[in-house]
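In this text, all values refer to a predicted model and were calculated from it rather than measured experimentally.
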Amino acid sequence: MQHKTQLTLPFLLSQVLLLVFAEDLECIPGFQQKVFHIEQPSEFTEDQPILNLVFDDCEGNDKLNFEVSNPDFKVEPNGSLVALKNITEAGRALFIHARSAQAEDMAEVLIVGGKDHHGSLKEIFKIEDGSLGILRQKRAIVATPILIPENQRPPFPRAVGRVIDSDGTEGSKFRLSGKGVDQEPKGAFKINENTGEISVTRSLDREAIPTYQLQVEITDVSGKSIEGPVLLDIIVIDQNDNRPIFREGPYVGHVMEGSPTGSTVMRMMAFDADDPATDNALLRYNILKQTPDKPSPNMFFIDPEKGDIVTVVSPALLDRETMENPKYELIIEAKDMAGLDVGLTGTATATIVIDDKNDHPPEFTKKEFHATVKEGVTGVMVNLSVEDRDDPATGAWRAVYTVINGNPGQSFEIHTNPKTNEGMLSVVKPLDYEISAFHTLLIKVENEDPLVPDIAYGRSSTATVQITVLDVNEGPVFHPDPMTVTKQENIPIGSVVLTVSATDPDILQHQTIGYSVYKDPAGWLEINPTNGTIFTTAVLDRESPYVHNNVYTALFLAIDSGNPPATGTGTLQITLEDVNDNAPAIYPTLAKVCDDAKDLRVVVLGASDKDLHPNTDPFKFELSKQSGPDKVWKIAKINNTHAQVSLLQNLKKANYNIPILVTDSGKPPLTNNTELKVQVCSCKKSKMDCSAADALHISMILILLFSLVSLFCL
């Protein structure tokens with residue numbers, strides 16, 4: 001079927017609206033007709049001409065090349081548009097891009113009755129219904145939409161269309177304004193004020209500004225607007241001037257080893273800044289290179305439209321343990337123009353990691369391990385090594401060890417060395433050679449992660465450890481330890497405190513044991529080196545600073561006859577019972593009182609005793625016998641530990657020594673005679689002056705004692 005331009009009213013109208021005006025004798029480079037209308041046929045027949053395009057770059061059309069937005073069509077060198085195969089649906093529009101060494105341009109074929117394919121012209125240029133191909137008319141101004149390809153080459157300015165003044169008022173002029181004229185970007189368009197010819201002054205970029213809305217007015221000679229303004233739409237036609245780019249990298253995907261064929265790994269998405277409603281931004285994906293290329297050079301496939309990368313090899317080839325490197329790098333290409341050779345390309349690297357699954361159980365490198373350890377020590381004694389072919393960075397490789405037999409006393413523990421994956425078998429409770437010189441342990445090893453269902457742990461996942469315990473000369477042991485005994489303080493020197501006993505754990509060596517003092521803080525004790533009898537060498541004093549909470553502590557050694565000898569230490573704790581061996585003491589021993597005091601209470605005395613109950617309070621307080629004028633004091637009990645000393649009358653300023661008797665409640669009781677010094681001072685204006693006592697007044701008892709000493713000396 002032959003198709004030709006329909007000479008209908010819409011066609012004629014569109015031709016008038018989109019006509020590119022030129023001077024009669026001037027060659028304007030580009031398509032001589034830019035817009036065509038054809039009816040949707042029942043089928044576009046292969047190789048049958050649809051219409052003829054005329055392109056002239058005014059320089060001979062050197063290296064002229066045509067590109068069609070739909071890859072099912074092409075333009076023959078003679079300008080004929082033909083289908084490459086029988087097609088029933090081609091969408092609503094075809095865009096033909098022509099480029100030669102000197103010029104380039106864009107033409108559009110509108111298919112009347114066609115269905116949306118990649119987007120209609122209205123959708124491509126984002127214009128409203130009725131705004132394309134319809135006269136914008138206000139009174140006498142006719143301003144048709146103008147289509148301009150982006151990225152045009154010089155020379156500029158270049159005529160792109162014309163507005164018409166249907167009235168043609170004499171002396172009137174055209175005026176153009178708006179974004180692209182007197183608003184930024186200023187100066188992109190201009191109008192011939194006399195003819196209405198619209199020119200573009202520089203190359204346009206659709207990705208920056210896809211459309212311009214200008215205003216056209218008609219003015220009189222004085223510049224006053226007489227018609228308009230009327231809107232003039234300028235639409236920038238997209239050209240394939242942007243390469244696809246991958247903006248979201250780095251791209252890393254993971255797939256489990258052994259995954260079924262067709263498993264999705266990741267998705268690659270590129271971006272093209274060109275018009276998404278055209279093939280300029282219609283991308284197709286392809287794998288350019290795979291590294292490494294083993295075990296197959298085609299391990300993966302990428303969906304050319306969606307960008308999904310999937311596996312295409314059998315699960316057996318996705319075996320991480322047999323790969324040279326479990327990480328693959330794919331060079332991915334994205335090409336616009338639906339992948340045609342004329343499309344622009346962009347590349348990115350996709351990294352695919354083959355993740356490990358636990359399909360290899362750990363196996364001991366030996367069925368039996370041997371270890372030697374001295375009795376009485378703890379710590380790591382042997383490292384158990386295993387092999388595991390899984391990924392060392394995962395729980396499928398990390399080992400977990402368990403002692404499953406031979407450890408009833410929980411003397412052994414095993415932990416995993418995080419660096420080497422070895423099992424570190426340790427003694428945590430000291431072993432005793434005399435109890436058992438040999439131990440046999442059964443150890444199993446597993447992974448942190450469970451094995452895959454079709455894999456099980458085998459005999460190689462268990463091993464035996466033979467442990468030999470070495471005998472060492474152990475020190476004797478006191479029984480019990482500590483040793484405790486209760487004794488009364490002040491027992492006679494040489495008294496037996498206790499006979500200690502120590503035994504040698506080395507029962508097979510038949511050694512003798514000797515004893516000695518190790519620590520005796522007060523120097524009160526001695527021990528028989530042969531039989532271990534401890535006796536006193538000084539008086540045991542409960543009130544000594546070496547006694548704490550009534551307990552005196554000393555340390556003793558038991559030494560065997562080995563070579564070298566081994567030593568054991570024993571602790572002796574002596575609880576000392578109190579006896580009444582300390583007389584009480586009073587406090588304070590100095591008091592002051594005013595010579596004119598109205599309150600004759602002098603001081604409250606307290607008493608203390610180093611002994612324990614019942615050898616302490618209640619205390620008895622007394623004054624030594626007074627006679628004659630010295631009977632000026634009295635003492636009265638306040639409670640079990642305190643008494644009040646008072647004057648019976650005021651005394652003159654002087655120092656007085658008062659003998660006080662205090663007695664405890666022990667059996668027998670102990671009494672202490674202490675002099676209380678009392679200073680009688682003068683008190684004036686709340687100040688006490690005790691510095692100039694007239695004389696020292698002493699009790700009658702002291703006078704008598706002085707007299708007796710004098711007589712004795714005579």
Side-chain angles (χ1 to χ4, degrees), residues 370-382 403 406-414 424-441 465-487 494-538 540 546-549 551-576:
H370 294 270
T372 301
V373 60
K374 293 181 179 180
E375 66 172 332
V377 299
T378 58
V380 177
M381 58 180 176
V382 65
V403 181
N407 190 26
Q410 304 301 309
S411 298
F412 305 96
E413 287 183 359
I414 187 167
M424 301 181 294
L425 183 60
S426 303
V427 178
V428 294
K429 294 182 180 179
L431 305 178
D432 191 339
Y433 171 85
E434 285 70 30
I435 295 177
S436 177
F438 300 97
H439 296 268
T440 300
L441 304 181
V465 181
Q466 300 290 350
I467 301 170
T468 301
V469 182
L470 301 178
D471 188 23
V472 297
N473 186 22
E474 301 171 84
V477 178
F478 284 90
H479 300 284
D481 190 28
M483 301 160 284
T484 60
V485 66
T486 300
K487 293 293 180 180
S495 298
V496 174
V497 177
L498 180 71
T499 297
V500 300
S501 176
T503 58
D504 192 341
D506 302 306
I507 57 178
L508 302 179
Q509 298 185 23
H510 306 290
Q511 300 179 124
T512 60
I513 298 176
Y515 301 94
S516 67
V517 176
Y518 180 40
K519 288 185 179 180
D520 178 18
W524 292 343
L525 305 174
E526 189 55 83
I527 188 170
N528 187 302
T530 303
N531 60 22
T533 298
I534 300 173
F535 53 90
T536 64
T537 58
L540 306 182
Y546 298 106
V547 177
H548 303 283
N549 296 324
V551 176
Y552 179 71
T553 301
L555 302 180
F556 295 88
L557 299 178
I559 307 167
D560 66 19
S561 58
N563 186 19
T567 301
T569 303
T571 300
L572 173 62
Q573 295 178 337
I574 305 173
T575 300
L576 295 175

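- Atom-to-atom distance recorded for Ile534:CD1 and Ser495:OG is 13.5 Å, nearest 0.5 angstrom.
- Taking each heavy atom of Ile513 and Pro476 in turn, the nearest pair found is CD1-CB, 4.0 Å.
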Step-by-step side-chain contact (heavy atoms from CB on, under 4.5 Å) determination, Val497 to Ile574: CA-CA 8 Å; Val497 177; Ile574 305 173; 3.8 Å; yes

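- Shown here are the side-chain contact (heavy atoms from CB on, under 4.5 Å) partners of Ser426, two or more places apart in sequence or in another chain: Val380.
- Within the 3.5 Å criterion, the main-chain N or O of Gly409 finds a donor-acceptor partner in the side chain of Lys429.
- Under the 4.5 Å side-chain criterion, counting only non-hydrogen atoms from C-beta, Asp506 is in contact with Asp471.
- Rounding to the nearest 0.5 Å places CD of Gln573 at 12.0 Å from CG of Leu498.
- A heavy-atom distance below 4.5 Å is found between the side chains of Met381 and Leu425.
- Remark: Ser501 OG to Met483 CE distance equals 9.5 Å, nearest 0.5 Å.
- Listed by chain and residue number, Ser561 satisfy the side-chain contact (heavy atoms from CB on, under 4.5 Å) test with Thr512 (two or more places apart in sequence, or in another chain).
- For the pair Phe556 and Ala554, the tightest heavy-atom approach, listed with the atom from each and the gap, is CE1-CB, 3.9 Å.
- Among residues two or more places apart in sequence or in another chain, the side-chain contact (heavy atoms from CB on, under 4.5 Å) test is passed with Pro430 by Thr378.
- Sorted by first and then second residue, the pairs that involve residues 517-526 and meet side chain to side chain donor-acceptor pair (under 3.5 Å), not counting sequence neighbours, are Asp520-Tyr552.
- Ile559 approaches Thr567 most closely through the heavy-atom pair CG1-OG1, 4.0 Å.
- For Asn407, the side-chain hydrogen bond (donor to acceptor under 3.5 Å, both in side chains) test picks out no residue, with sequence neighbours left out.
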Would Leu470 and Val373 count as a side-chain contact (heavy atoms from CB on, under 4.5 Å) here? Give the steps. CA-CA 6 Å; Leu470 301 178; Val373 60; over 6 Å; no

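- With sequence neighbours excluded, the residues satisfying side-chain hydrogen bond (donor to acceptor under 3.5 Å, both in side chains) with Thr499 are Thr533.
- Not counting sequence neighbours, the partners of Phe412 by the ring-ring contact (aromatic ring centres under 6.0 Å, His included) test are His439.
- Of the possible polar contacts, none joining the Asp560 side chain to the Asp504 backbone as a donor-acceptor pair under 3.5 Å is found.
- Here the closest non-hydrogen pair linking Gly475 and Pro505 is O-CD, 3.3 Å.
- Rounding to the nearest 0.5 Å gives a distance of 12.0 Å between OG of Ser516 and CG of Asn528.
- In plain terms, the two heavy atoms of Lys374 and Val377 that are nearest each other are O-CG2, 3.0 Å.
- Between the Glu375 side chain and the Tyr433 main chain, a donor and an acceptor come within less than 3.5 Å of each other.
- Remark: Gln466 pairs with Thr440 by the side-chain hydrogen bond (donor to acceptor under 3.5 Å, both in side chains) rule, at least two apart or across chains.
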Should Leu525 and Thr537 be marked as a side-chain contact (heavy atoms from CB on, under 4.5 Å) after you check the CA-CA gap, both sets of side-chain angles, and the distance that decides it? CA-CA 5 Å; Leu525 305 174; Thr537 58; 5.6 Å; no

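- Residues passing the side-chain contact (heavy atoms from CB on, under 4.5 Å) test with Asp481, sequence neighbours excluded: Phe478, Thr571.
- Legend: residues meeting side-chain hydrogen bond (donor to acceptor under 3.5 Å, both in side chains) with Glu434, ordered by chain and number and at least two apart, are absent.
- Legend: residues meeting ring-ring contact (aromatic ring centres under 6.0 Å, His included) with Tyr515, ordered by chain and number and at least two apart, are absent.
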Please test Asn473 against Gln511 for side-chain contact (heavy atoms from CB on, under 4.5 Å), starting from the C-alpha separation and ending with a verdict. CA-CA 10 Å; Asn473 186 22; Gln511 300 179 124; 3.2 Å; yes

